[in-house]
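Right, one structure below, let's go through it.
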Amino acid sequence: LGRRSKKNKPVQKNMNNETHSYTEEQLNEIKEITSGALTAAGLIEHAIEIKTNPLDRESLYVSVRSTADVSYLIGRGGGILNDLQTILNAIFKKNGIAKFVLIDINDYRRERLQYIKDMAARLATKVVRTKTSETMEPMPFYERKIIHIELGSSPDVITESEGKGPDRRVVIRPNIF
């Protein structure tokens, strides 16, 4: 689980090499609960690695690896994976284990986030060129957050989230001075 801190807690490093401490008991509970849910869903052989989430140092990124076909656990557009994550987060929150856990299976989310970043950059370029707004597809909050972060430093565009619930989406607008 990584090196130990002075208080005998595992120290988790995120992808930015920042750290946040969780007890070994919390990490084991997250692994056991996640593994139990995956096994119940039919994914018998899998490995789980836990890191802190690069978007929020207080939450966790749980990477699941399997050589089996996991498409049924990801679903169209990650819908089933999102549902699984929602259920697991409700369990973790109710038991005081973790604030938020981002579940990834075979790097689906990592690849999806790169796709979203690339798409946002392309749309931002189009917005600047055409001076018209572009609306992205509905997406979960952590995906919208990535877009706001990625495009937030651009003086040429403004990003806003619009809609409610599962229909919430990012709108990229030209920044007219």
Side-chain angles (χ1 to χ4, degrees), residues 12-20 22 30 34 37-38 41 48-66 69-93 97-177:
Q12 297 296 304
K13 290 195 172 188
N14 70 9
M15 291 153 217
N16 297 326
N17 212 28
E18 298 166 327
T19 60
H20 184 81
Y22 293 90
I30 290 166
T34 303
L38 293 169
I48 297 174
E49 180 182 3
I50 301 177
K51 300 176 184 175
T52 54
N53 185 342
L55 300 179
D56 177 357
R57 289 183 12 196
E58 293 181 20
S59 64
L60 294 170
Y61 175 84
V62 176
S63 176
V64 178
R65 294 265 180 218
S66 179
D69 177 16
V70 294
S71 60
Y72 73 98
L73 284 173
I74 295 171
R76 182 178 174 169
I80 294 172
L81 181 56
N82 290 339
D83 294 342
L84 174 65
Q85 179 174 288
T86 299
I87 292 166
L88 289 172
N89 272 300
I91 294 167
F92 300 145
K93 186 174 181 179
I97 300 169
K99 175 183 162 187
F100 177 76
V101 175
L102 183 68
I103 307 290
D104 194 2
I105 299 178
N106 287 354
D107 287 333
Y108 170 80
R109 288 213 195 275
R110 186 179 302 268
E111 291 169 10
R112 167 111 174 123
L113 290 178
Q114 187 58 54
Y115 167 77
I116 288 169
K117 287 178 184 181
D118 294 344
M119 182 173 47
R122 283 191 307 274
L123 287 175
T125 300
K126 182 178 178 184
V127 165
V128 170
R129 183 174 33 85
T130 64
K131 305 273 192 261
T132 58
S133 298
E134 289 289 332
T135 302
M136 299 185 76
E137 66 189 54
M139 57 187 69
F141 82 92
Y142 52 87
E143 291 180 357
R144 292 191 313 273
K145 186 174 183 177
I146 289 286
I147 295 167
H148 293 304
I149 291 168
E150 287 292 309
L151 300 180
S153 61
S154 172
D156 300 323
V157 295
I158 298 169
T159 61
E160 299 173 338
S161 289
E162 292 183 353
K164 294 186 181 199
D167 291 328
R168 199 145 168 86
R169 58 190 78 220
V170 173
V171 178
I172 305 170
R173 303 183 194 288
N175 189 6
I176 300 172
F177 308 113

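Values in this document were obtained by computation on a predicted structure and should not be read as measured data.
Taking CG from Asn82 and CD from Glu143, the interatomic distance works out to 6.5 Å, rounded to the nearest 0.5 Å.
For the salt bridge (charged side-chain N to carboxylate O under 4.0 Å, His left out) test, no residue two or more places apart in sequence or in another chain qualifies with Glu111. Residues passing the salt bridge (charged side-chain N to carboxylate O under 4.0 Å, His left out) test with Asp83: none are found, sequence neighbours excluded. The side chain to side chain donor-acceptor pair (under 3.5 Å) test applied to Lys93 returns no partner, not counting sequence neighbours. Not counting sequence neighbours, Asn89 has no partner by the side chain to side chain donor-acceptor pair (under 3.5 Å) test. Residues satisfying the side chain to side chain donor-acceptor pair (under 3.5 Å) criterion with Arg65, sequence neighbours excluded, are Asp107.
For the residue pair Tyr142/Arg109, the side-chain donor-acceptor check at 3.5 Å is satisfied.
No option in Val70, Ile103, Leu73, Leu88 other than Leu73 meets the side-chain contact (heavy atoms from CB on, under 4.5 Å) test with Leu38.
Checked by atom type and distance alone, the side chain of Asn175 never pairs as donor or acceptor with a backbone atom of Ile158 at under 3.5 Å. At least one donor-acceptor pair under 3.5 Å links the side chain of Tyr72 to the backbone N or O of Ala41.
The aromatic rings of Phe141 and Phe100 sit perpendicular, their planes meeting at an angle over 60°, well past the 30° parallel limit.
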Name every donor-acceptor pair, under 3.5 Å, that has one atom in a side chain of residues 167-174 and the other anywhere in the protein, sequence neighbours excluded.
residue : atom : partner : partner atom : Å
Arg168  : NH1  : Gly163  : O            : 2.7
Arg169  : NE   : Asp167  : O            : 3.3
Arg173  : NE   : Glu160  : OE1          : 2.8
Arg173  : NH2  : Glu160  : OE1          : 3.2
Arg173  : NH2  : Glu162  : OE2          : 2.2

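Val64 is listed as a side-chain neighbour of Ile48, based on a closest heavy-atom distance under 4.5 Å. Side-chain contact between Gln85 and Leu102: present, with at least one pair of heavy atoms (C-beta onward) separated by less than 4.5 Å.
Arg129 has no carboxylate O lying under 4.0 Å from a charged side-chain N of Glu134, or vice versa, which leaves the two without a salt bridge.
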